[in-house]
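These values consider heavy atoms only, across backbone and side chains, with no hydrogens, waters or symmetry-generated copies. In what follows, chains carry the letters A, B, and so on, assigned in the order in which the sequence lines appear, proteins first and then strands, with residues in each chain numbered from 1.
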2 protein chains.
Amino acid sequence: MTSDASANLNRPLTLRDVSEASGVSEMTVSRVLRNRGDVSEKTRDKVLEAAKTLGYVPNKIAGALASQRVNLVAVIVPSLGNLVFPEVLSGITEVLDETELQPVYGVTNYEPEREEKVLYDMLSWRPAGLILAGLEHTDASRAMLRSAGIPIVEIMDSDGTPVDAMVGISHRRAGRHMAQAIVEAGYRKIGFLGTKMPLDHRARKRFEGFTEALAKEGLEVADQEFYEGGSSIMKGREMTQALLTRSPDLDFLYYSNDMVGAGGLLYCLDQDIDVPGQIGLAGFNGLRLLEGLPKTLATMDACRADIGREAAQIIARHAGHPSAEAERHVLKPTLALGDTLKRGPRRR
Amino acid sequence: MTSDASANLNRPLTLRDVSEASGVSEMTVSRVLRNRGDVSEKTRDKVLEAAKTLGYVPNKIAGALASQRVNLVAVIVPSLGNLVFPEVLSGITEVLDETELQPVYGVTNYEPEREEKVLYDMLSWRPAGLILAGLEHTDASRAMLRSAGIPIVEIMDSDGTPVDAMVGISHRRAGRHMAQAIVEAGYRKIGFLGTKMPLDHRARKRFEGFTEALAKEGLEVADQEFYEGGSSIMKGREMTQALLTRSPDLDFLYYSNDMVGAGGLLYCLDQDIDVPGQIGLAGFNGLRLLEGLPKTLATMDACRADIGREAAQIIARHAGHPSAEAERHVLKPTLALGDTLKRGPRRR
DNA sequence: ATGAAAGCGCTAACAC
DNA sequence: GTGTTAGCGCTTTCAT
């Protein structure tokens, strides 16, 4: 194996090694490896040959320090266990793949202090741009964001003031919108089931928008149930059972996400409850994963991949450049009534 | 805001800025910021005060170049859309959080050339260790791995030869094991439903082990159906319908993962098929997410979080140290019969 | 088309 | 306990 040449060296190879092996100056080797400047066909071949034979991998640390340019885009999300975020990431990747930029992911577990640490650690690598979920950050985080000197896009949410750019939906509006559809369909005794959400600001805002819109109609949430930990079908079942046992007269159940909503749906069907006649159901997210259940849950698409794509495009446009005006994109989620929410008499 | 002091500078702050602001040498500032060496209480306070006021974020690029140490652990997985991988990542994070090390994630989309590129890009940042899924890599990738000079752990699979350390399960054995349970339960006309798997080596190996064990019993897969793209309940439904329409006499359906298996289960229940009497079903992965379906699908736990944790522990032990003997851990997945696979007469 | 010198921002090693 | 010097592995700039 040719690459064993390096394995025996017991230290990472440097440009100098390639330079000596090819009989070409370090500078020219560097030019060849980066496709910069004019290099004769002949030297180029010699260099590439040598680099390949040795198994040379450039040291980006040194390169970044010298050139003051880093092609990394830091991406910070609360979780990967919630399918929503991987979908956003794939939108980001899709766009950045067309550029020189490369995403690097960090996860906060919805903890502000953890976000602060992850942010600090990522910024210390001087990325070319930063994408992070949400508009709520600690003061220290916000200070770092402001003085980072790179394009920053806050995503997923538009209810608040971003530090720089923003791409998201209004979760308050989404909650309101769903409440209106529910009321228009004629439901009146409405229950809510969701996560304990002190830290999930988007779920909280949906809930706030929801209750607010109900209030406008002279209604309020008749009963509610909260859970901790990850979302699952089982959680949805258990919560629904608990809620309906306590408040058997509810005629609608609004879930903070599709996964628990699916559990609720299965529970209702098990109990031979007429859905959406006796009880209507709705979730949030538009998880395609769940299509194929006995009935299609009413839900609202959160525009995940679009958000990722647009955020990445903003970074790609602004990275390295003197940042112009901050872009703010508010996307509009689509309501899907599915089979679990009666169509109302009025149209919206 | 104090941090605006830096915002006005329009260039990233350096150690020198903190040094000047605090009247302490760069070296001592460096010591304070890294908690290294003895520094008097008084100077320490002065430095921290200045650093905080300015909003200084150390430049790890320069630090890493000077110290020749990077605290990053590169983690490369095929996908984030398959819940399995986020679970592995959380196992990794859990362990690395206790150390100075920090995971950085890359995604390959199951494409070998993409893995090669991601690997190259990540290695060029000279991480302290590397964790990657699978044992199958291009020659170039393998060459990079061999000469990287850092601890490397290949995870999720144990059917093959790792470059260095390895933590995984035998998917061949998992497939065999499931086949045996199925045959022992008395099923004979067995169908298989899975991804087109030229690139998903683990799914392929499960299938190979499965057919191999059937062959030992004088059986073979009676019919099969393959799909492309992501797994979903709907896919499982559609495939199951197609397969059962074509081969109505099948008495068992083995799915390459739980998500499509769940779709198959729902389809069978819709059709009033007696499960597991008339037809038995099984999937793979032990996705807790799906608990709560009308019946619990027979499945096999892939030890995801354990794999992540053990891999991270290996990295933590070996990072920086002269690598001792390569560790090889083969975990044993647990078979869960659930409600969709009859218990056989013999015990295993 | 190629090379030499300087230096990116930090830390190791050694003075004091 | 603190400061000084050298240099990490590249790229920039300027010379040839």
I need the [atom1]-[atom2] distance between [X] and [N], as an integer number of Å.
X      : N      : atom1 : atom2 : value
B/R69  : C/dA13 : CZ    : P     : 10 Å
B/M27  : D/dT5  : CE    : C1'   : 11 Å
A/Q68  : C/dA6  : CD    : C1'   : 14 Å
A/E26  : D/dC8  : CD    : P     : 10 Å
B/L123 : D/dG9  : CG    : P     : 17 Å
A/D17  : D/dG9  : CG    : P     : 9 Å

Under 3.5 Å, which donor-acceptor pairs link side chains of residues 39-48 of chain B to any protein atom two or more places apart or in another chain?
{"residue": "B/S40", "atom": "OG", "partner": "B/T43", "partner atom": "N", "Å": "3.3"}
{"residue": "B/S40", "atom": "OG", "partner": "B/T43", "partner atom": "OG1", "Å": "2.4"}
{"residue": "B/T43", "atom": "OG1", "partner": "B/S40", "partner atom": "O", "Å": "3.1"}
{"residue": "B/R44", "atom": "NH2", "partner": "B/N35", "partner atom": "OD1", "Å": "2.9"}

Between A/V84 and A/E87, is any pair of side-chain heavy atoms under 4.5 Å apart? no
Can you sort out which residues in residues 59-67 of chain B have a heavy atom within less than 4.0 Å of DNA chain D? Ascending by number, please. B/L65, B/A66
Between side-chain atoms of residues 61-79 of chain A and protein atoms elsewhere (two or more places apart, or another chain), which donor-acceptor pairs fall under 3.5 Å?
{"residue": "A/S67", "atom": "OG", "partner": "A/G63", "partner atom": "O", "Å": "2.8"}
{"residue": "A/S67", "atom": "OG", "partner": "A/R69", "partner atom": "N", "Å": "3.2"}
{"residue": "A/N71", "atom": "ND2", "partner": "A/E100", "partner atom": "O", "Å": "3.0"}
{"residue": "A/S79", "atom": "OG", "partner": "A/G81", "partner atom": "N", "Å": "3.0"}
{"residue": "A/S79", "atom": "OG", "partner": "A/N82", "partner atom": "N", "Å": "3.3"}

When you look at B/L80 and B/L89, which way does the side-chain contact (heavy atoms from CB on, under 4.5 Å) test go after all the steps? CA-CA 10 Å; B/L80 292 175; B/L89 301 190; 3.7 Å; yes
Interface residues of residues 37-48 of chain B with DNA chain C (non-hydrogen, below 4.0 angstrom): none
Do any of residues 28-36 of chain B sit with a heavy atom less than 4.0 Å from DNA chain C, and if so which? B/S30, B/R31, B/R34
Between the two ends of the helix from C/dA1-D/dT16 to C/dC16-D/dG1, what is the bend in degrees, rounded to 10 degrees, where each end axis spans five pairs? 30°
Is any side-chain N of the basic residue among B/D97 and A/K117 closer than 4.0 Å to the acidic one's carboxylate O? no
